[in-house]
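To find a chain, count down the sequence lines: A is the first, B the second, and so on, and within it residues start at 1. Source: prediction; values computed, not measured.
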Amino acid sequence: MIVKQQTINLGRFKRGYHLVTDRIESVFTGLKEINQGIAQVFIHHTSASLTLNENADPTVRRDLELFFNELVPDGDKRYLHDDEGPDDMPAHVKSSILGASLTIPVKNGRFLLGTWQGIYLCEHRDQGEDRKITVTVLGSK
Amino acid sequence: MIVKQQTINLGRFKRGYHLVTDRIESVFTGLKEINQGIAQVFIHHTSASLTLNENADPTVRRDLELFFNELVPDGDKRYLHDDEGPDDMPAHVKSSILGASLTIPVKNGRFLLGTWQGIYLCEHRDQGEDRKITVTVLGSK
Amino acid sequence: MIVKQQTINLGRFKRGYHLVTDRIESVFTGLKEINQGIAQVFIHHTSASLTLNENADPTVRRDLELFFNELVPDGDKRYLHDDEGPDDMPAHVKSSILGASLTIPVKNGRFLLGTWQGIYLCEHRDQGEDRKITVTVLGSK
């Protein structure tokens, strides 16, 4: 049994939902060493999220963002927490709905995803900072 | 420390929320070998989800589906992604809200769930395909 | 590779969102033994949740609860499951949206959280019972 862990700075993203599967698989060298196990992908922020969704048609990412922007509209006057602007508290809400971490089975040195599954980084801020993730895998060689 | 992993085809489900705890526990033989650890249950699809909720009263499953069908209505004309019909994009949205994976503590060869907790498979499509999950456990003998 | 697991009774909480990071870190002695790995924090209930969000400004917790109370209002007459009162089914809905478990990377005997991330226990019931969690860590010494 081995464990591999790596913190990766993915840089800045514009507001929206971005497919990052290939990037994580290529940067995280520990993944290739695991034959069977699980991976955990974790984002160290409270105004961006990780989720799994369709990796093919980009309109899914556009429609998903549309849905969440309407569910949690910017500039809601009832929020007390608005120091960083109208997208401040809505970003926190979306971050709890979508979540900060994913766990994915690992097989033969790869994420064992379904054919249509990809990892999305969801940037909920208009001016998000650099987004840092930590990937940890546990399993057998 | 050991790791056990098994991919299971659960077959087709009708649209709705279905209790699958017993089925997974009986089919996944690796679970019994773990004394202390964690299990990860992962669904390889972007239009079905896994969630934990009440295992006793079936009206919880009915009401939960009612809530999500109203939160994310079929046939919303603003969605661009609708090739597979009015339930296509809504299924993707629900899949990101509820999530594709669960992690559950394991003790003495069983899921260490609360008294009222059960695993739901949530089928968001009217005509869903076979649903495949992978269960992975990591822990001590 | 080692695994440590501990079930903790956190007692009763009033309805709302509560920061519990420090409490878990201090009570769960196994965490200090892990150099590199993952932690899983799991709540054994279907009417309370765990989520990660901002650990600094308490208005985030207030606003988050405001959002979810409005998204899933108490006393919705269409719910069949209401034996325990107007907050019964809404608590189940929120529990599935926010989730019952968190996974967090571990490094040097601590949760490897972002600067602003904290663990929230979300009590969705007016009269919640004692809330029990199980924390499991897996990793290298």
Query raised in the report: Is it true that the side chains of B:His44 and B:Thr134 contain a donor and an acceptor less than 3.5 Å apart?
Result: yes

For chain A, which candidate among [options] shows the most heavy-atom pairs at distances under 4.5 Å?
options	result
B:Asp83, B:Leu71, B:Val137, B:Ile38	B:Leu71
B:Ile43, B:Thr103, B:Thr46	B:Thr46
B:Leu80, B:Leu138, B:Val93	B:Leu80
B:Met1, B:Arg78, B:Gln40	B:Gln40

Query - Parallel, tilted or perpendicular: rings of A:Phe68 and A:Tyr17 (30°, 60°) - result: parallel

Query - chain B contact via A:Glu65 - which portion, at a heavy-atom distance below 4.5 Å - result: neither

Options [options], ranked by heavy-atom pairs under 4.5 Å with chain B, top entry:
options	value
A:Leu98, A:Leu112, A:Leu52	A:Leu112
A:Leu102, A:Val60, A:Asp57	A:Val60
A:Thr59, A:Leu64, A:Ile97, A:Asn53	A:Asn53
A:Thr51, A:Asn55, A:Thr115	A:Thr51

Donor-acceptor pair, distance only, cut-off 3.5 Å: does the side chain of [X] make one with the backbone of [Y]?
X	Y	value
B:Asn9	B:Lys132	no
A:Glu33	A:Val3	no
B:Ser26	B:Arg23	yes
A:Glu25	A:Phe111	yes

Query - Verdict with reasoning, B:His81 to B:Asp88, per side chain to side chain donor-acceptor pair (under 3.5 Å) - result: CA-CA 7 Å; B:His81 182 85; B:Asp88 186 349; 3.2 Å; yes

Query raised in the report: B:His45 and B:Ser95: side chain to side chain donor-acceptor pair (under 3.5 Å), yes or no, with the steps?
Result: CA-CA 8 Å; B:His45 304 274; B:Ser95 116; over 6 Å; no

For [X], which atoms come within 4.5 Å of any heavy atom of chain A: side chain, backbone, both, or neither?
X	value
B:Tyr79	both
B:Thr7	side chain
B:Val72	both

